[in-house]
Structure formats: C-alpha cells, structure tokens
Amino acid sequence: MWIYSFYINSTVTSRYATTVITSRVANTLNESQEIQFEVKIPKTAFISKFRMTIEGKTYDGVVKEKQEAQQQYSKAVSRGQSAGLIKSVGRTLEDFKTSVTVAAFSKVTFELTYEELLKRRLGKYELLINAQPMQPVADFKMDVHIQEKPGISFLEVKGDLSTGDLANAIKTTRADKDAWVTFYPTRDQQTKCQSCGENGLNGDLLITYDVERRNPKGEVMVSNGYFVHYFAPSDVPRIPKNVVFIIDRSGSMHGRKIDQTRLALLRILSDLDEDDHFGLITFDHLVDTWKRELLKATKQNLENAKSFVKEIRDGGSTDINAAVLAGVDMINRHPREGTASILILLTDGDPTSGETNIERIMANVKKAIGLKFPLYCLGFGHDVNFDFLTKMSLENGGVARRIYEDSDADLQLQGFYDEVAVPLLADIQLQYTGGTNLTKTSFNLYFNGSEIVVSGQITDNSVESFSTEVIAVSKGSNVTYQDTVMIKDPSDVPPENEDFMQRLWAYLTVKQLLERQVLLKGQEKEDEEKEALKLSLKYQFVTPLTSMVVTKPQEDEVEVADKPKEGEEDPRPPVMGFHPSSPASDEEDLFEYSEADEEEEDDDDLFAYSEAEEENVDNLFAHPKAADVNVTGQRLMFVGFGLAALLILFATAAAVKAYCSYNVKQRAHTTDHVQTSETDYINLRKRQ
C-alpha cells in the first residue's frame, strides 16, 4: 500500500470548524490488496460525509436512522461482510476505520468530513487535528484557515507535530480577521518528532486562539436567515463564591487516586480569593465535615484546611446520597447575598452504602438543591457510573467531567476548577426580538474565560435590523445588555461558507436536544428525539440517533465492531474469517455512535461465530470436499483423506516455491518503478 497524498483542510468560520481529510492510496502490487483508511477525530465532532472513489467509481456514505441502518448492518454481518468502526481513543479523540479491497495497480481515494463548534475554555478556543497516515507521505499537506469577524487577538500552534524538526514545517500568517496555518513536512521531517518514527507522523497539531472583544454586548452574526450570538463580557467584577468540595475517600480511591486528589485540593485552596467562602466534606460509608459551616478563605483558615486535606485517608464504602445532601445543607444554612454557590462532587464509584438506588438519590438531591445553585460531578476513572453523574449534574444546572487515571489527574482536577473559579454573572436570560427556533437561552452562571452561545432563525428576513437583550445578575446588581444588528449589512462570510450559520445552528440544536433527552420522559422525550433525528438526517450528521452506511464492492473478509460507550473498554478485536457461502452482493459498512444513556448491550453475538459457523470454517480449511463435515461427529472422514492430502502437499510444494520466487521478483520490479507522484504512478500502470 502506497499513500501518495494525504491532505487535511480545516476551515473555521466564526468558531464553526469543518475539517476534510483526503487520503489517496495506490495498490502497487500485481494482485488485489486490502487498503485501510484510519483517522482520529475529536469526540465533540459530528461526521457529516464519507466517500470512497475507486477507479473513478464513487461510493458515498448515507446517514440513516439507526434502526434502519441496523437492519442493513445485520444483513451485511450475516453475509460475512464488514461493519465499519468508530471507537473512543483516549480523552479527546475517536478512531474512524474502514477498509476496501483494491485491484492490482489500482487506486482509491478516501474523503472524510467532520464538523464541530469550538468551545471557549479558559479564554481560548482549541482546534485539535490528528495526523497518523501510518507511513511517510511525499505529498502531505495540512491547511487551516480561521476567519473571525471581530478579529483574532492571539494565535498559537502547539502539539506533538510542532516538536523537533517538524516545527520548521509550520508556517503561520495573520491578518486582521484571518489567520492561516500551513503544515507541509517533507518525508524526512515526518520521521523526526517526539511521537514520530519510521511509520511517519503520529500526533496532534493543536491550534489555540481567541478573538477581540471590543463590544461587551457580544458578537452577533447573521447569514441566510440564521443568526448566532457569542456573549462573553469581561468588564464586570467577579462574584464572590461559596464552594463546597465533596470528596470520595472510599477504599477504591486507594493509592494514586487519593494522593492526586489531595495534591489538587491543596492547589485549589491556594487559589481561593479572600472574599470566597468554602467547605470541605469527605465521605465513605460515613460523612465527615471539616467545619459545620462555610468559612471565609482567610490565610489562617486555608492553612487549617490544608492540614485537614493532608490527613485524608481512604477506606470504607460509598454513601454519595448522604454526602451530597450534607453539602447542600451546608450552603443552604449559610446564605449570602451577592454571591454564587457551587457544589463540586468527586467520586470514583457507584453508591454502595446508605441510599443506593440511583433514582432516589437523584430525586433527593434535586429536591434539596431546588435549582438554586449548580452541582458539578467529577468522575474519577472508568469504574465510575458516569451516566448517573451526568444526569445528576444536568438535573441541577451543572455538568459532569471525567477525570482520567493518569499521571496528570491532579492537573485535570485543578483545570476543571479553574474553569469555574471566577463567576462573573448569574441568572443569565437572553432574548431575541424576531428570533425563533432558538437554542438554549437561560444559564445559571457565566464564568470568566468561557462563552455563552445562542443560535436561531430569524422570523422575517425582510426586516433591516435584529435586536438582542441579555439580562443578568452581576455583583450586587442587575445588568442589561441591549444591541441592534443591521441584517442588511454586507456579510464577511465568503460564498463557499454561506451555509455555515445554518449548520452551526443545527449542530448546536442537536447537541442540546440530545443532552436534554437524559432528563426527559414519555412523550416529551419522544418528541425531542424525533426533532434531533430529523435534523441529524437533514444535515447528514452521525449522532447517537443515526448511523452511516457505506456500500462497497464485495469482499470476503469479515470485520465486525461497534463504538463503545464513553468510559467502556474498547471492544474486542474485529473477527476475521472466510465465508465461501456469502452471496455475491455489495458490502454494507456501518459507522455508528452509541447513545450515552442507553443500557450496555451484550455484544457477544457481534464478535463471535455461531457453533455451526465455526465448524464450517474449521472443516473448510481441513479439506475442500469435507466442508459439510460435522467435526465432532464424523472425524473418521479425515483419515480417508489424510494420505491423499499428504501426497497433494508434496506435489504442490515445488510449484508454490517457484511461484513465490517469481512473485517476489515481480513485486520488487514493481516497487522499484513506483515514484512519489501520481503522474509516474499512472505511467507505471500503463506499462503494466
């Protein structure tokens, strides 16, 4: 397999990124060869297009409702054909993988498109692009174009692919509203970075940037009947906070987990401001509070708290219900005007003590909090019930975050706290005169370094202006931001990106509908699921409700796999086998996501042959005329064939040896003539 070009083109228009990966591969052998295509994409992205072109014929992926696609998937598997693979890889990426058999001296072009809305964290946006072609490529190009209407305030390129000699292959160009990053490494440079080797590039390019924020009312863009409003004021005073840390100290936290938790808490306590108030609760099957009331973050109180943290020891079971209710009670008993309250729960397991029924725990916590302040849940490791934490957080105006068991777990904990450390506004309500089909418009808190994003449709495109209003609570007072945008102003969006606003709205709407589904029941849940499915199909997004089906040329190999849920171990390796009885038909390859809130499925039937299939395969390889032999009941048949098979083996050995010798020479001859340009490749093919 020879990859003669590998292009990555990413366009970011007003934070909405569309990335296209194109790989052109040639089979330089004089026999058919399986060609693989494998790339890594961000977990937050939606795949929106996949295409294969083989000798001028195009095979497009089609996004269908998951149930409909599942029927085609089942038929393909029953015929011994392959199912494509999307699986989680590490913290931020998913792996997309497929393959196709290509005839001798033929070529195939793979093209994958994915889309995502970049999220602002700690004052910057991050565009993560992974490159791992599996071999040095003569024609490798990565082009990134960022266009932001208010202007780009800073831009930085980091990541594995910016280390060593590869740093010389990166070129950055900036104008007022645009930035371009190109990455054109030579074949030699592709083997010289911290994570590279003889197989070429293997790593990420991380582009971080932020935009100018001259208007505290936010940035409003209008295009083709849709709008987006980015709201991130920084000219307001911070709101003093009341924060209670609820820390799991059960036996499963033993070792590095509890050590890293102590280290992170010591750093977080050092970052508290003097007008903040805080509390510490530790729990296993018992709940202990450092102090019964919230204390001001004075120097002496912080020193005493650090001494308490250093003595936290693990042991016992896990009473999450009692611990969280104790945290809620601590805040409720000490209300303070003009402050923002936050609960942060860190746990690594399921509730195993006290109240263990998850539904009752969530009901208790929801009733106690009463939407007065958010609950943030941090799930430490992969044994935690992350679905439970996610739902409990969302029900109480917060979010859940997984903390990965690694050497930097303490930094992950501190990083999350940094995101919520500086509340600037509370009870934020956004209103849009003449807007409809709006995304979320109500937010509990706005933190420094983050951003509120609202998108929607404009009801009347004939009007000349569009009005926005933001009402919120600042430190001790109410604030209002009003703005009017002229719809008829000439757009800065280039013609080729004119539909980005509509797709941004669809992306954000689907994301939020899927998130809300976790909390809904009955008809309301069904209605929102239908709306999310409708948009997913219209915009060809691969989401938890849809799957992508690709029809490919017939193949004999079987590859069956599915995408694991967040936090699960990767599925077993694909089953490879030979099915001579498969009918001649096109192969259907399925790429699908699993719903975050669905029950764990038993995948054994996807990864194993039935007993009958195993016997057929074993008998087929034993002797071609004994394919229908039952291995366990008719072993005597093999004795009759044994001597004949032995004679055939010796008779064919010489012929096989001669053929292999010829084939090696032929391959060497072919490889010697393969050049690193498509023109030479075509000439080679003509000579053959």
Does a donor on one side chain sit under 3.5 Å from an acceptor on the other, for [X] and [Y]?
X      : Y      : value
Glu34  : Ser99  : yes
Ser10  : Thr19  : yes
Thr439 : Thr509 : no
Ser153 : Glu212 : no
Gln502 : Tyr539 : yes
Asp143 : Thr182 : no
Gln414 : Asp410 : no
Arg15  : Tyr125 : yes
Asp248 : Thr347 : yes

How long is the span from the [atom1] atom in [X] to the [atom2] atom in [Y], to the nearest 0.5 Å?
X      : Y      : atom1 : atom2 : answer
Phe6   : Lys141 : CZ    : NZ    : 14.5 Å
Lys40  : Thr92  : NZ    : OG1   : 11.0 Å
Leu537 : Thr546 : CG    : OG1   : 6.5 Å
Leu117 : Glu451 : CG    : CD    : 8.0 Å
Cys377 : Leu345 : SG    : CG    : 5.0 Å
Asn202 : Asn130 : CG    : CG    : 7.0 Å

For [X] and [Y], work out which heavy atoms get closest and say how close.
X      : Y      : value
Phe541 : Val63  : O-CG1, 3.5 Å
Leu161 : Ile170 : O-CD1, 3.9 Å
Thr13  : Phe500 : O-CE1, 3.3 Å
Gln260 : Ala409 : OE1-CB, 3.1 Å
Gln190 : Gln135 : OE1-O, 4.2 Å
Thr191 : Pro136 : CG2-CG, 4.1 Å

I'd like to check [X] versus [Y] (side-chain heavy atoms, cut-off strictly below 4.5 Å). Are they in contact?
X      : Y      : result
Thr58  : Arg51  : yes
Ile54  : Phe110 : no
Lys49  : Leu112 : no
Val100 : Thr98  : no
His229 : Val453 : no
Leu201 : Pro185 : yes
Ile8   : Leu205 : no
Arg238 : Val422 : yes

Tell me whether [X] contacts the main-chain N or O of [Y] through its side chain, where contact means a donor paired with an acceptor under 3.5 Å.
X      : Y      : value
Lys107 : Arg24  : no
Asn444 : Pro374 : no
Ser106 : Val102 : no
Asp408 : Leu411 : no
Arg120 : Ser450 : yes
Asn27  : Leu29  : yes
Lys511 : Thr44  : yes
Thr163 : Gly159 : no
Arg214 : Pro150 : yes
Arg402 : Gly381 : yes

(request) Could you give me the CA-CA distance, side-chain angles and deciding distance for Glu148 and Tyr209, then say whether side chain to side chain donor-acceptor pair (under 3.5 Å) is met? (result) CA-CA 10 Å; Glu148 295 289 354; Tyr209 76 95; 2.6 Å; yes
(message) Would you call the rings of Tyr417 and Phe245 parallel, tilted or perpendicular, taking 30° and 60° as the class edges?
(response) tilted
Looking at [X] versus [Y], is the centre-to-centre ring distance below 6.0 Å?
X      : Y      : value
Tyr59  : Phe50  : no
Phe96  : Tyr114 : no
Phe140 : Tyr184 : no

(message) Using the rule given for salt bridge (Lys or Arg N to Asp or Glu O under 4.0 Å), can you reason through Arg121 versus Glu126, listing the C-alpha separation, both sets of side-chain angles and the distance that settles it, and then say yes or no?
(response) CA-CA 8 Å; Arg121 287 194 176 98; Glu126 293 186 345; over 6 Å; no
(request) Might you work through the side chain to side chain contact (heavy atoms under 4.5 Å, CB included) test for Ile146 and Thr11, ending with a clear yes or no? (result) CA-CA 6 Å; Ile146 301 172; Thr11 302; over 6 Å; no
Charged N to carboxylate O below 4.0 Å: is that the case for [X] and [Y]?
X      : Y      : result
Lys124 : Glu156 : no
Asp188 : Lys192 : yes
Lys149 : Glu219 : no
Arg256 : Asp259 : no

(request) Give the intermediate values and the outcome of salt bridge (Lys or Arg N to Asp or Glu O under 4.0 Å) for residues Asp178 and Arg174. (result) CA-CA 6 Å; Asp178 297 85; Arg174 286 182 56 182; over 6 Å; no
(message) Determine whether Leu127 and Glu116 satisfy the following criterion, side chain to side chain contact (heavy atoms under 4.5 Å, CB included), listing intermediate values before the conclusion.
(response) CA-CA 9 Å; Leu127 176 66; Glu116 60 181 323; 4.0 Å; yes
(request) Could you give me the CA-CA distance, side-chain angles and deciding distance for Val220 and Tyr230, then say whether side chain to side chain contact (heavy atoms under 4.5 Å, CB included) is met? (result) CA-CA 6 Å; Val220 180; Tyr230 296 105; over 6 Å; no
(request) For side chain to side chain contact (heavy atoms under 4.5 Å, CB included), just list the numbers for Phe380 and Gln412, CA-CA rounded to whole Å, side-chain angles, deciding distance to a tenth of an Å, and then say yes or no. (result) CA-CA 10 Å; Phe380 206 144; Gln412 296 176 53; over 6 Å; no
